[in-house]
**Student:** 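So that we are looking at the same thing, I have put the structure below in structure tokens.
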Amino acid sequence: MSAQTGFQAVTGYLEREGVPFEIVEHERTESAAAEARAAGLPADDVAKTVVLRDETGYRLAVIPASRRLDLGKVRDVLGETHGLRFVTEAEMATDFGVFEVGALPPFAPMIEAVELMDESLLDHDRILCGGGDHEHGVLLDPLDVVRAGQARVADLCED
């Protein structure tokens, strides 16, 4: 673990990018759905970052905490991709050590990944995103998540 925490890395990145955000501190949670409950928000207003990998590298899929990712739709959006799979917790711990496992923020440039964001998140004024640890979230405009994450917006969730 580096001297900088995952939470500090996230807030520092957002400040450098000029993205307005609100910090939401809550009890320790282990899932986006639990974070929604702890923050007193509907699960549709909370984004979870799903980490995938294929032969060319990491991919982030940012979807509502209330929904499930459709890998077929992700493959369609990415085009020619081979071996697309969910990453393991061990891979996350090794490759994204500054962040707590399962608390990766939705900002692909922070980890050199390609980012996709589910279009339904744009229906919200603000969404709560992972803050790099399990006690903090960042509340921000979903359009700022797209911009700061350099995300491509598409339909990514199971119907």
Side-chain angles (χ1 to χ4, degrees), residues 5-27 29-54 57-79 81 84 86-87 92 96 98-159:
T5 68
F7 176 65
Q8 291 168 329
V10 171
T11 56
Y13 178 76
L14 292 172
E15 288 167 358
R16 285 189 303 280
E17 292 294 310
V19 175
F21 64 94
E22 179 183 332
I23 296 167
V24 177
E25 196 168 347
H26 54 74
E27 67 188 38
T29 58
E30 296 298 327
S31 71
E35 184 175 27
R37 287 189 300 275
L41 294 171
D44 283 349
D45 289 348
V46 176
K48 63 183 172 185
T49 303
V50 181
V51 188
L52 308 166
R53 188 173 196 163
D54 65 13
Y58 285 106
R59 311 290 190 216
L60 300 183
V62 183
I63 65 172
S66 59
R67 308 278 308 274
R68 292 177 51 93
L69 184 69
D70 184 323
L71 275 179
K73 288 181 179 180
V74 172
R75 286 185 183 99
D76 289 345
V77 172
L78 291 174
T81 185
L84 186 67
F86 294 98
V87 299
M92 281 191 258
F96 313 124
V98 71
F99 304 108
E100 291 184 16
V101 173
L104 202 66
F107 308 113
M110 293 186 74
I111 61 165
E112 299 182 22
V114 171
E115 183 168 331
L116 304 172
M117 184 166 142
D118 188 70
E119 62 192 11
S120 69
L121 289 169
L122 295 180
D123 295 337
H124 302 268
D125 292 332
R126 297 195 307 165
I127 55 175
L128 185 67
C129 300
D133 66 26
H134 292 286
E135 289 98 21
H136 297 92
V138 287
L139 193 62
L140 59 164
D141 185 316
L143 291 175
D144 286 331
V145 176
V146 172
R147 184 174 59 79
Q150 301 174 4
R152 187 179 334 164
V153 178
D155 176 16
L156 304 176
C157 293
E158 291 179 352
D159 295 323

**Student:** Drop me the distance from D144's CG to L14's CG, to the nearest 0.5 angstrom.
**Tutor:** 8.5 Å

**Student:** For a quick test of reading the model, state the closest non-hydrogen atom pair linking C129 to L140 and the distance between them.
**Tutor:** SG-CD2, 4.0 Å

**Student:** Given E158, which partner from the list R67, R68, K73 fulfils the salt bridge (charged side-chain N to carboxylate O under 4.0 Å, His left out) test?
**Tutor:** R68

**Student:** What pairs with D123 under salt bridge (charged side-chain N to carboxylate O under 4.0 Å, His left out), at least two apart in sequence or on another chain?
**Tutor:** none

**Student:** For the atom pair CG (L104) and OG1 (T49), what is the distance rounded to the nearest 0.5 Å?
**Tutor:** 6.0 Å

**Student:** What closest approach, in Å, do L52 and A61 show between heavy atoms, and which atom pair accounts for it?
**Tutor:** CD1-CB, 4.4 Å

**Student:** Checking T29 side chain against A34 main chain: does a donor-acceptor pair fall under 3.5 Å?
**Tutor:** no

**Student:** In chain order, what residues pass the ring pair (Phe, Tyr, Trp, His ring centres under 6.0 Å) check against H134, with sequence neighbours excluded?
**Tutor:** none

**Student:** For D141, give me all partners under salt bridge (charged side-chain N to carboxylate O under 4.0 Å, His left out), at least two apart in sequence or on another chain.
**Tutor:** none

**Student:** Quick one: list whatever passes side-chain hydrogen bond (donor to acceptor under 3.5 Å, both in side chains) with D76, sequence neighbours left out.
**Tutor:** none

**Student:** Taking only distance into account, with no hydrogens and no angle test, what donor-acceptor pairs under 3.5 Å do side-chain atoms of residues 18-27 form with protein atoms, sequence neighbours excluded?
**Tutor:**
unit_1: E22; atom_1: OE1; unit_2: R126; atom_2: NH1; d: 3.2
unit_1: E22; atom_1: OE1; unit_2: R126; atom_2: NH2; d: 3.1
unit_1: H26; atom_1: NE2; unit_2: E35; atom_2: OE2; d: 2.9

**Student:** Salt bridge (Lys or Arg N to Asp or Glu O under 4.0 Å): which pairs involve residues 41-53, sequence neighbours left out?
**Tutor:** R53-E91, R53-D95

**Student:** I need the minimum non-hydrogen distance between A65 and A32, along with the two atoms involved.
**Tutor:** CB-CB, 3.6 Å

**Student:** For residues 145-152, which side-chain N or O atoms pair as donor and acceptor with protein atoms under 3.5 Å away, sequence neighbours left out?
**Tutor:**
unit_1: R147; atom_1: NH1; unit_2: E17; atom_2: O; d: 3.4
unit_1: R152; atom_1: NH1; unit_2: V77; atom_2: O; d: 2.7

**Student:** With heavy-atom distances below 4.5 Å as the criterion, would you say the side chains of D133 and T5 are in contact?
**Tutor:** no

**Student:** Please find the pair of heavy atoms, one from L121 and one from A47, that lie closest to each other, and give the distance.
**Tutor:** CD1-CB, 4.1 Å

**Student:** Which residues pass the salt bridge (charged side-chain N to carboxylate O under 4.0 Å, His left out) test with D54, not counting sequence neighbours?
**Tutor:** R59

**Student:** State which residues pass ring pair (Phe, Tyr, Trp, His ring centres under 6.0 Å) with F86; sequence neighbours excluded, sorted by chain then number.
**Tutor:** none

**Student:** Applying side-chain hydrogen bond (donor to acceptor under 3.5 Å, both in side chains), name anything that partners S120, two or more places apart in sequence or on another chain.
**Tutor:** D118

**Student:** Indicate the ring-plane relationship of F7 and H136, choosing parallel, tilted or perpendicular according to the 30° and 60° boundaries.
**Tutor:** parallel

**Student:** Using the test salt bridge (charged side-chain N to carboxylate O under 4.0 Å, His left out), find all partners of E30 that sit at least two apart in sequence or belong to another chain.
**Tutor:** R28

**Student:** How would you list, by chain and number, every residue that makes a side chain to side chain contact (heavy atoms under 4.5 Å, CB included) with A113, sequence neighbours excluded?
**Tutor:** Y58, L60, A108, I111

**Student:** If I compare all heavy atoms of M117 with all of L122, which pair ends up nearest, and what's the gap?
**Tutor:** CE-CD2, 3.9 Å

